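All remarks here apply to the structure that follows.
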Amino acid sequence: MNQAAKSYWENYWGDKERPASVSAWMFGDTPDELAQLVIEEKKTATCSAHVLYELENEPLPTTEDYSIILNSKEEPVAIIKTTAVSIVPMNEVTEEFALAEGEGSYEEWKEIHDRYFRSELLPRGIEFSEDMLLVCERFTLIDVKK
């Protein structure tokens with residue numbers, strides 16, 4: 001986590017006890033647009049390829065997790081808290097979940113995620129599959145950086 005994100009986190013909590021689980025990251029291939037959707041509360045869900053957690057030896061998210069959302073300049077813009085996590089094959093993601101990602105219709109969600117996951121997996125030598133497992137997260141907006 002960079003210094004700007006640490007400062008934001010510490011200033012947000014002040015003298016109150018801080019949750020232990022926090023990370024800082026940016027969304028996919030359009031981080032500024034997606035962060036803005038979070039700020040506008042139009043984006044309340046996200047997903048990642050399960051295989052990438054395994055490859056990067058990263059723990060799966062939990063409902064104890066807080067995240068500092070970064071823009072494309074790696075500046076903190078908001079804090080979110082994960083409220084639900086499920087592992088779902090991509091071709092079984094519901095339209096309701098896809099719409100909660102805030103990126104348009106179910107068909108647009110599918111097209112965007114198909115393209116994104118292919119671009120993420122191909123360089124790692126992993127073949128894309130429509131039934132690949134996704135880690136689907138729901139979250140709530142906690143704070144928008146002023």
Side-chain angles (χ1 to χ4, degrees), residues 1-13 16-39 41-104 106 108-145:
M1 181 181 320
N2 67 30
Q3 191 56 49
K6 284 181 191 174
S7 294
Y8 174 39
W9 181 250
E10 290 168 6
N11 289 338
Y12 174 75
W13 290 101
K16 296 182 279 186
E17 186 175 341
R18 294 177 192 103
S21 182
V22 61
S23 59
W25 47 271
M26 65 182 78
F27 287 103
D29 55 354
T30 56
D32 295 331
E33 178 183 315
L34 296 174
Q36 187 60 40
L37 291 173
V38 170
I39 290 167
E41 297 186 85
K42 294 177 181 174
K43 180 174 180 62
T44 58
T46 192
C47 65
S48 305
H50 186 272
V51 68
L52 296 179
Y53 284 93
E54 294 172 342
L55 287 175
E56 296 168 8
N57 202 26
E58 289 286 327
L60 292 176
T62 73
T63 56
E64 301 299 312
D65 295 347
Y66 286 79
S67 298
I68 299 166
I69 302 304
L70 305 174
N71 64 20
S72 62
K73 297 176 187 169
E74 297 192 18
E75 300 164 333
V77 297
I79 297 172
I80 61 173
K81 182 178 187 307
T82 303
T83 58
V85 179
S86 57
I87 299 175
V88 180
M90 184 171 170
N91 59 2
E92 293 180 26
V93 168
T94 65
E95 181 174 7
E96 188 273 330
F97 183 88
L99 295 176
E101 286 219 44
E103 299 173 63
Y106 179 73
E108 290 167 317
W109 176 90
K110 196 167 186 226
E111 180 182 310
I112 290 166
H113 286 77
D114 183 294
R115 183 178 62 246
Y116 178 74
F117 289 131
R118 286 179 192 278
S119 73
E120 287 293 306
L121 298 175
L122 184 63
R124 294 173 167 92
I126 301 170
E127 190 173 326
F128 172 82
S129 167
E130 286 196 9
D131 64 351
M132 65 183 259
L133 294 178
L134 300 184
V135 179
C136 297
E137 296 177 65
R138 302 254 184 191
F139 57 82
T140 189
L141 179 64
I142 301 297
D143 186 64
V144 175
K145 188 170 188 297

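In this text, all values refer to a predicted model and were calculated from it rather than measured experimentally. Quick note: numbers below take in every heavy atom, side chains included, and nothing from hydrogens, waters or symmetry partners.
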Can you tell me how far apart OH (Tyr66) and CZ (Arg18) are? Round to the nearest 0.5 Å. 13.0 Å
Residue pair Glu64 / Pro19, side-chain heavy-atom distance below 4.5 Å: no
Would you say the side chain of Glu103 lies within less than 4.5 Å of the side chain of Lys43, judging by non-hydrogen atoms? yes
Decide side chain to side chain contact (heavy atoms under 4.5 Å, CB included) for Thr62 and Val85; before the verdict, give the C-alpha distance in whole Å, the side-chain angles of both, and the deciding distance to 0.1 Å. CA-CA 6 Å; Thr62 73; Val85 179; 5.6 Å; no
Rounded at 0.5 Å granularity, tell me how far CD in Glu92 sits from CG in Leu134. 10.5 Å
To the nearest 0.5 angstrom, please state how far the CD atom of Glu120 sits from the CZ atom of Arg118. 13.5 Å
Asn11 CG to Asp143 CG distance, which is reported to the nearest 0.5 Å: 10.5 Å
Can you check whether Arg138's main-chain N or O pairs, donor with acceptor, with Thr83's side chain at less than 3.5 Å? yes
Could you tell me whether the side chain of Glu33 reaches within less than 4.5 Å of the side chain of Gln36, counting heavy atoms only? no
Could you work out, with salt bridge (charged side-chain N to carboxylate O under 4.0 Å, His left out) as the rule, every residue matching Lys110, not counting sequence neighbours? Glu130
Examine distances only and state if a side-chain atom of Asp32 and a backbone atom of Asn71 form a donor-acceptor pair shorter than 3.5 Å. no
Hey, is the main chain of Asn91 close enough, under 3.5 Å, to the side chain of Asp131 for a donor-acceptor pair? no
Smallest separation among heavy atoms of Val38 and Phe27, with atom names: CG2-CE1, 3.6 Å
Given side chains that start at C-beta, do those of Met90 and Phe128 come closer than 4.5 Å, heavy atoms only? yes
Spatial distance of atom CD (Glu137) from atom OG (Ser48) [nearest 0.5 Å]: 6.0 Å
Flag if over 12 foreign heavy atoms under 6.0 Å of CD, Glu10: yes
Return the OG1 to CZ distance between Thr44 and Phe97, rounded to the nearest 0.5 Å. 8.5 Å
Any side-chain donor-acceptor pair under 3.5 Å between Glu101 and Trp109? yes
